[in-house]
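Right, one structure below, let's go through it.
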2 protein chains.
Amino acid sequence: MSAQELPNMARQIRGGSMLTARYSAASNRLLDGLPPRKRDRFLAECTLVDLALGNILYERGDLIRHVYFPVDSSVSMLAVIDRDRTALEVGMVGSEGMCGHALVLGSDVTPLRALVQGAGTSWRMKAPTFRRQLENVPALHHLLWRYVGVLFGQLAQAAACTRFHVVEQRLARWLLMTQDRSRADSFEVTQEFLAFMLGIRRVSVTIAAGSLQSRRLIRYRRGRIVILNRGRLEAAACSCYRTDLQIYQDGLGARSKFQRALLARATKEGTP
Amino acid sequence: MSAQELPNMARQIRGGSMLTARYSAASNRLLDGLPPRKRDRFLAECTLVDLALGNILYERGDLIRHVYFPVDSSVSMLAVIDRDRTALEVGMVGSEGMCGHALVLGSDVTPLRALVQGAGTSWRMKAPTFRRQLENVPALHHLLWRYVGVLFGQLAQAAACTRFHVVEQRLARWLLMTQDRSRADSFEVTQEFLAFMLGIRRVSVTIAAGSLQSRRLIRYRRGRIVILNRGRLEAAACSCYRTDLQIYQDGLGARSKFQRALLARATKEGTP
DNA sequence: CGCGCTATGTGCGTTGTCGGACAGACGACC
DNA sequence: GGTCGTCTGTCCGACAACGCACATAGCGCG
């Protein structure tokens, strides 16, 4: 866990609308589900940190020391089996979510590895502080319960998706999910890394990515992928992409306009 | 949801040690994690019902009307994709758990189908009553949080297992898990049904089950499977069986001697 | 007893992915 | 401008599981 710390904005510019303005440029959409004043009080206890590609926030079975609320970074949750050699991504967390959900359920060890797959910034809070916040701010606890419920549903979806859908569809879905979280049309990722996330061989990624590229849905070279045609990429992905958005909407939708917009677009543009 | 109701024991024989004695024959091991008096008060609000093979307790997206605490029945949690045609078992609930976990997280719809895969009895409580109990009995809420955390970990494990392990190992694991929950050496299940749960073809089950039978680990005929040699069956299963027990232990272990005993036995007898 | 339903067993070619090995190609850095 | 490490592309055979079709066998029921 080698996250470099950035200046603690929250402590430096306490309270008031200026604070809110600054946050909007560094916001976590899940926390935006809180009433603004509660959210600001919560963020005042956080530190803004930089997450680098490949950082491991938690190893399976670790004690949780911090919780994370990504801003423009994204984190993969990996199920690890066979003595840590093999892993499979079972969930993705970006600015719509949080890492360290076990604390929300009163446990302090995590069953999953958390790996930074998209570099960027994230709010971070110490576990004891977080626990106190949960106790003192029922609205926070309720919000995060629901988020854990969403994660649960998305995890189940990922399990079935991995079983039934072919590599190319899954790759397309992964790219869409990552784009949603990174807030950019292109991002750094090698085929090797992708293969690891999807639990497949690098060669399989080469083939699937090559197919998507030849159809001009994406373009890539040496560790960088560009999304060229999002609409058609959504059509190339399995329905699980849209289902994931739906699950989020069902669980937290009343609180997040962002996901609703994504969903509306996906439903409009995509061809099933 | 055609669960036939049995006489409501709880209301008929209220309070006292006699009640406890009767419950021990019809107990849910998860609820046994509560202090006895709290557990008894909780069960007094429950009805003992009969769950028949194939009953669907919840369909995905359904409003949850009841929660279930199985006694000797077991229930599969299924992730449903592609418009309800395809499904995959992502979790199993028996007397060590509960169905309707979404309520614990403050949601009232369930993201998974719940299907009775082992006939038997179960405690049942109406959702509004359950919600009231959660509010009024913090110990209950804490216990069930932890259980949801356990389910979460087991779900992730199942996802990776399904991806990486071969059919025969997964079948062995399924049989062990079912035996743990049914409290019997043999149970009713067809290959067709098994195939559905594991997300594979019936023919693949025929082959895998045939292999296990020829090695005298199990015996079966026309919808009934008998476990002949548990120790060797554990050796034939993937490590995920033991990991599942470990996850339960880590999350709820201090409260459940039962799982600890199973785990000890698995670790002793099994050959990795 | 035999009918019919359902559960189980077998055959075939096909497909998706695997594992390993190696060749080319980009780009950072000296 | 050349070198080297890393990323990407292509080949091979192998195999688990697939889909489909059809054959056999247990068991309840009239």
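Predicted model, so just to flag it, every value in this text is computed and none were measured. Chain letters run A, B, ... following the sequence lines, proteins first and then strands; every chain starts at 1.
Although no hydrogens or angles enter the test, the distance criterion places a donor-acceptor pair under 3.5 Å between the side chain of B:Tyr58 and the main chain of B:His66. Panel note: side chain B:Gln154, backbone B:Ile247; no donor-acceptor pair is recorded below 3.5 Å.
Under 4.0 angstrom from either OP1 or OP2 of D:dA16 there lies no side-chain N or O belonging to B:Ser204. Within the 4.0 Å cut-off from OP1 or OP2 of D:dG26, not a single side-chain nitrogen or oxygen of B:Tyr220 is found. For D:dC18, one of the phosphate oxygens OP1 or OP2 lies less than 4.0 angstrom from a side-chain nitrogen or oxygen of A:Arg163.
The separation between A:Ile225 atom CD1 and D:dC7 atom P is 13 Å, rounded to whole Å. Whole-Å rounding puts the B:Phe164 CZ to D:dA17 P distance at 14 Å. Atom pair A:Arg222:CZ and D:dC4:P shows a separation of 16 Å (rounding to whole Å applied). Rounded to whole Å, atom P of D:dA17 lies 9 Å from atom CD1 of B:Ile207. The CD atom of A:Glu188 sits 16 Å away from the P atom of D:dT6 (whole-angstrom rounding).
Between A:Thr190 and A:Arg201, the one whose closest nucleotide on DNA chain D sits nearer the 5' end is A:Thr190. Nearer to the 5' terminus of DNA chain D, by closest-nucleotide assignment, is the contact made by A:Thr206 (compared with the other of A:Thr206 and B:Arg202). Nearest-nucleotide assignment on DNA chain C puts the 5′-proximal partner with B:Arg224, out of A:Glu168 and B:Arg224.
For the residue pair A:Asp72/A:Thr121, the side-chain donor-acceptor check at 3.5 Å is satisfied. When only modelled atom types and interatomic distance are considered, A:Thr86 and B:Arg163 share no side-chain donor-acceptor pair under 3.5 Å. A donor-acceptor contact closer than 3.5 angstrom is absent between the side chains of A:Arg124 and A:Thr47.
Residue contacts shown for B:Ile200 are limited to sugar-phosphate atoms, with no base heavy atom under 4.0 Å away. Counting non-hydrogen atoms under 4.0 angstrom, A:Val203 reaches a base of the nucleic acid.
The span of DNA chain C lying next to chain B, judged by atoms under 4.0 Å from heavy atoms, is bounded 5' to 3' by C:dT6 to C:dC18.
Judged as a salt bridge (charged side-chain N to carboxylate O under 4.0 Å, His left out), and not counting sequence neighbours, the contacts of B:Arg173 are B:Asp244.
Between B:Asp185 and B:Arg219 there is no salt bridge, since no side-chain N of the basic residue sits under 4.0 Å from a carboxylate O of the acidic one.
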